[in-house]
*Asks:* 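This is the structure I want to talk about, given as structure tokens.
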Amino acid sequence: MLHVHDNLQRRKVPFEPREPGRVSMYVCGPTVYDTPHVGHARREVVFDVMRRYLAHAGFEVTYVANITDIDDKIIGRAAEEGRTEPDVAAEFTDVYYREMDRLGIARPDLSPRATEFVEGMIATITELFQHDAAYVIEGKGVYFDTSAADEYGQLVGRSRDELAEGAGQRVEIEEGKRSPLDFALWKSAKPGEPSWPTPWGNGRPGWHTECVAMSLSILGDGFDIHGGGDDLVFPHHENELAQADASGHRFARYWLHNGMVNVDGEKMSKSLGNFTTLAELLDHHAPRAVRLLMLQTHYRRTMEIGHDALVAAAEGLKRLDSMHRRLAAAGLDVAAAPLDADAVARFDAAMDDDFSTPAAVEVVFGLVRRANQALDVDDDITAGSAGHTALQLADVLGLAAGASTASAGEADGIAASIGLRNQARAARDFAEADRIRDELAERGIILEDTADGTTWHRA
RNA sequence: GCGCCGGUGCCCGAGCGGCCCAAGGGAACGGCCUGCAAAGCCGUAAAGUCGCGGGUUCAAAUCCCGCCCGGCGCUCCA
């Protein structure tokens, strides 16, 4: 049975979804004011893999991830560049999805935009007023009264007093707030900024409200998983939870947060240029290598990302891919081979333990080794089974081995070259054989001579 | 300053009271295979203070205390 580490209870607990067989998850998505960075990538990979595994485990998953398309930073950027806010948001939303597509992140089932959800936010705020949990500061906006949330601080694990003491140390406290902990639900319009009409005057959404409105109205009360980076625990998620509590809604059943990514900036910039943006990272390293590296660390831990580790991950993937090729070259009908039930059970046990992807990856590599061993001794039964299982489990992790592709014309050309080379080899004209091989290598085509013939793949 | 989380081989990183003289991936070295490669496999070496110092226990990388270092949070940052 699946167990997850619920950050609210701060311990691993059995996962019991609201409805048997169905899982609803809401992950806090990006604010689209800039290009995504490596940290966004980890969040996406982490929750993408959870989603894949849940589906693999037989759940019907509904995955919602919002796009925050209106906020201070978007307004700031728009002003700076003399553009409109929707223009800025549209650009970076596109960039975001483009980069996540490269990483092989499946698109959410629903990706609500804050600006398309204003009605819902007004309804949420209205409800908070009805529960005496909101108040207006003239000219500033609508604020949430944290004293209305009895358990305020429960998620971050600190008392209201402790939090109040810390508040205002780093940022100035807005005048008129009843408590330094209170936060804006709705911000009054300032000249030149986008705004929407509400019963409390024109204005725009406060960040903490949109996720409550979207998650509850799309997934309903007591949805299953709420995810995000662990830097969002406070204040963002705490404030979401406070709103739900204050208005009498059961919020997420489980809170899952992924750890941060550290980039060894100095080392990184020397060897490759500073790729703190995801695009730069993916320009230098295979997306699957990035994914594998991320999965080799447990999702809750802080991880280090660096050139050497990325290269190591890419090398590891080569073993998976070459196994894939060897199976094909041996003419095995891998898909027809029975799965290794024992290995699948170990994989599932690993993932059931709070998505322990490092242990799951270990199972996959063990199978790769076993399949290769079997291939070495022509044990097709074992090779097929281990190989099939490895490929299927890798797919659950989003690491599916990809076949090298080529246009028909190119493939024919390569096949012809291989034919010529093999003729030369048969005639023991190794100089010519090596010349052909080198020529192909220059085009990025690597040849491998196996007992079952010569195969090729891209470098 | 306060809170939370971490510090494990050359690198990344699992393990979190006995199965650990510490998984897995990569790098290194040797071998098998190969015309030579590549790929694969086998083996070897590599942590002997698992940040440092105390303590608990029959037993500690794993628990407790202190210290050092790093990350994150402390009002809009994944």
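Residue numbers begin at 1 in each chain, while the letters A, B, ... track the order of the sequences.
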*Asks:* For the residue pair A:Ser179 and A:Thr146, what are the closest heavy atoms and their distance?
*Replies:* OG-OG1, 3.8 Å
*Asks:* Taking the side chain of A:Thr31 as its heavy atoms from C-beta onward, which of B:A78, B:G71, B:A14 lies nearest to it?
*Replies:*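 My answer, after comparing the listed nucleotides, is B:A78.
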*Asks:* Distance between the C1' atoms of B:G7 and B:G15, in whole angstroms?
*Replies:*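 Looking at atom C1' only, B:G7 and B:G15 are 15 Å apart.
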*Asks:* Please name the nucleotide paired to B:C63 by Watson-Crick or G-U wobble geometry with both distances under 3.5 Å, or report none.
*Replies:*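 Checking every strand shown, B:C63 finds its partner in B:G55, with both distances under 3.5 Å.
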*Asks:* Return the nucleotide paired to B:U49: Watson-Crick means purine N1 to pyrimidine N3 with N6-O4 or O6-N4, wobble means G-U with N1-O2 and O6-N3, both under 3.5 Å.
*Replies:*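 Here B:U49 is not engaged in any pair, so there is no nucleotide opposite it.
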*Asks:* Taking the six-membered ring of A:Tyr143, is NZ or CZ of A:Arg178 closer than 6.0 Å to its centre and within 45° of its axis?
*Replies:*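 Verdict for A:Tyr143: no cation-pi partner in A:Arg178.
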*Asks:* In whole Å, measure the gap between the P atoms of B:C64 and B:A46 for me.
*Replies:*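 After rounding to an integer number of Å, I get 33 Å for this pair.
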*Asks:* Does the B:G26 base have a donor-acceptor partner in the side chain of A:Asp308 within less than 3.5 Å?
*Replies:*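 Result: no qualifying N/O pair found.
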*Asks:* With C1' as the reference atom in both, quote the distance from B:G54 to B:A14 in angstrom, rounded to an integer.
*Replies:*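 Straight-line distance between the two C1' atoms is 28 Å.
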*Asks:* Is a donor-acceptor pair below 3.5 Å formed from side chain A:Asp449 to base B:C36, judging by atom type as modelled?
*Replies:*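 Between B:C36 and A:Asp449, which were checked side chain against base, a qualifying N/O pair under 3.5 Å is present.
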*Asks:* As a test of reading the structure: which of B:C12, B:A14, B:G25 is closest to the side chain of A:Ala312, going by heavy atoms?
*Replies:* B:G25
*Asks:* Is any side-chain N or O of A:Gln373 closer than 4.0 Å to OP1 or OP2 of B:C42?
*Replies:*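 Affirmative; the distance criterion is met.
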*Asks:* Between B:G35, B:A39, B:G13, which one does the side chain of A:Glu304 approach most closely?
*Replies:* B:G13
*Asks:* Under a 4.0 Å N-O cut-off, is there an ion pair linking A:Arg370 with A:Asp379?
*Replies:* no
*Asks:* May I ask you to verify whether the side chain of A:Arg369 and the base of B:C42 hold a donor-acceptor pair under 3.5 Å?
*Replies:* no
*Asks:* Where the side chain of A:Asp376 is concerned, which of B:G40, B:G13, B:C77 is the nearest nucleotide?
*Replies:*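 Within the option list, the nearest is B:G40.
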*Asks:* Given B:C41, is OP1 or OP2 found less than 4.0 Å from the side-chain N or O atoms of A:Arg370?
*Replies:*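 False: A:Arg370 side-chain N/O out of range (4.0 Å or more) of B:C41 OP1/OP2.
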*Asks:* Do the charged groups of A:Arg435 and A:Asp438 touch, with an N to O distance under 4.0 Å?
*Replies:* no
*Asks:* Side chain of A:Met260: nearest nucleotide among B:G35, B:G25, B:C72?
*Replies:*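 From the listed options, B:C72 comes nearest.
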*Asks:* B:C36, B:A14, B:A78: which one has an atom nearest the side-chain heavy atoms of A:Asp434?
*Replies:* B:C36
*Asks:* Using the closest heavy atom to pick a nucleotide of RNA chain B for each, name whichever of A:Trp207 or A:Arg10 lands nearer the 5' end.
*Replies:* A:Arg10
*Asks:* For atom C1', what is the distance between B:U62 and B:A28, given to the nearest Å?
*Replies:* 30 Å
*Asks:* Which of these nucleotides, B:C77, B:C76, B:C36, is closest to any side-chain atom of A:Tyr33?
*Replies:*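 Among B:C77, B:C76, B:C36, the one nearest the side chain of A:Tyr33 is B:C77.
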*Asks:* Would you mind pulling out the nucleotide paired to B:C4, Watson-Crick or G-U wobble, both distances under 3.5 Å?
*Replies:* B:G71
*Asks:* Write down the partner of B:G17 under the Watson-Crick or G-U wobble criteria, each distance required to be under 3.5 Å.
*Replies:*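 Its partner is none (no Watson-Crick or G-U wobble pair with both distances under 3.5 Å).
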*Asks:* How far, in whole Å, is B:C20 from B:C2 if one measures between their C1' atoms?
*Replies:*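 Straight-line distance between the two C1' atoms is 37 Å.
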*Asks:* Less than 4.0 angstrom from a charged side-chain N to a carboxylate O is my criterion; do A:Arg421 and A:Asp449 meet it?
*Replies:* yes
*Asks:* If pairing requires Watson-Crick or G-U wobble contacts with both distances under 3.5 Å, which nucleotide is the partner of B:U34?
*Replies:* none
*Asks:* Is there a donor and acceptor pair, one atom on the side chain of A:Arg326 and one on the base of B:A39, closer than 3.5 Å?
*Replies:*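 Looking at the base of B:A39, it does not pair with any donor or acceptor on the side chain of A:Arg326 (distance under 3.5 Å).
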*Asks:* Is there a side-chain contact between A:Arg425 and the phosphate of B:U34, meaning an N or O under 4.0 Å from OP1 or OP2?
*Replies:* no
*Asks:* Set out, in order, the CA-CA distance, both residues' side-chain angles and the distance that settles side-chain contact (heavy atoms from CB on, under 4.5 Å) for A:Arg204 and A:Ile75, then state yes or no.
*Replies:* CA-CA 11 Å; A:Arg204 60 189 172 84; A:Ile75 292 169; 3.4 Å; yes
*Asks:* Could you tell me whether the phosphate oxygens of B:C76, OP1 or OP2, come under 4.0 Å of any side-chain nitrogen or oxygen in A:Lys73?
*Replies:*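 No.
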*Asks:* What nucleotide among B:G25, B:G71, B:A78 has an atom nearest to a side-chain atom of A:Asn258?
*Replies:* B:A78
*Asks:* When you compare B:C42 with B:A61, how far apart are their P atoms, in angstrom units rounded to a whole number?
*Replies:* 30 Å
*Asks:* Does A:Arg319 place a side-chain N or O at less than 4.0 Å from the phosphate oxygens OP1/OP2 of B:G25?
*Replies:* yes
*Asks:* Paired with B:C76 by Watson-Crick or G-U wobble geometry, both distances under 3.5 Å: which nucleotide is it?
*Replies:*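 Pairing partner, where one exists within any strand: none, as none qualifies.
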*Asks:* Should the ring pair A:His226 and A:Phe223 be called parallel, tilted or perpendicular, given that the plane angle runs from 0 to 90° and is split at 30 and 60?
*Replies:* tilted
*Asks:* Could you identify the nucleotide paired to B:C29, looking across every strand shown and requiring Watson-Crick or G-U wobble geometry with both distances under 3.5 Å?
*Replies:*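 When the pairing criteria are applied, B:G43 turns out to be the nucleotide that pairs with B:C29.
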*Asks:* Suppose you measure atom P in B:A38 against the same atom in B:C29; what distance do you get, rounded to whole Å?
*Replies:* 12 Å
*Asks:* So which atom in A:Phe47 and which in A:Gly228 form the shortest heavy-atom distance, rounded to 0.1 Å?
*Replies:*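 Smallest heavy-atom distance, with atoms named: CZ-N, 3.4 Å.
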*Asks:* For B:A59 and B:C19, measure between their P atoms and round to the nearest Å.
*Replies:*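 Comparing P positions in B:A59 and B:C19 gives a spacing of 14 Å.
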*Asks:* What nucleotide, of B:G40, B:G25, B:G73, holds the atom closest to the side chain of A:Phe365?
*Replies:* B:G25
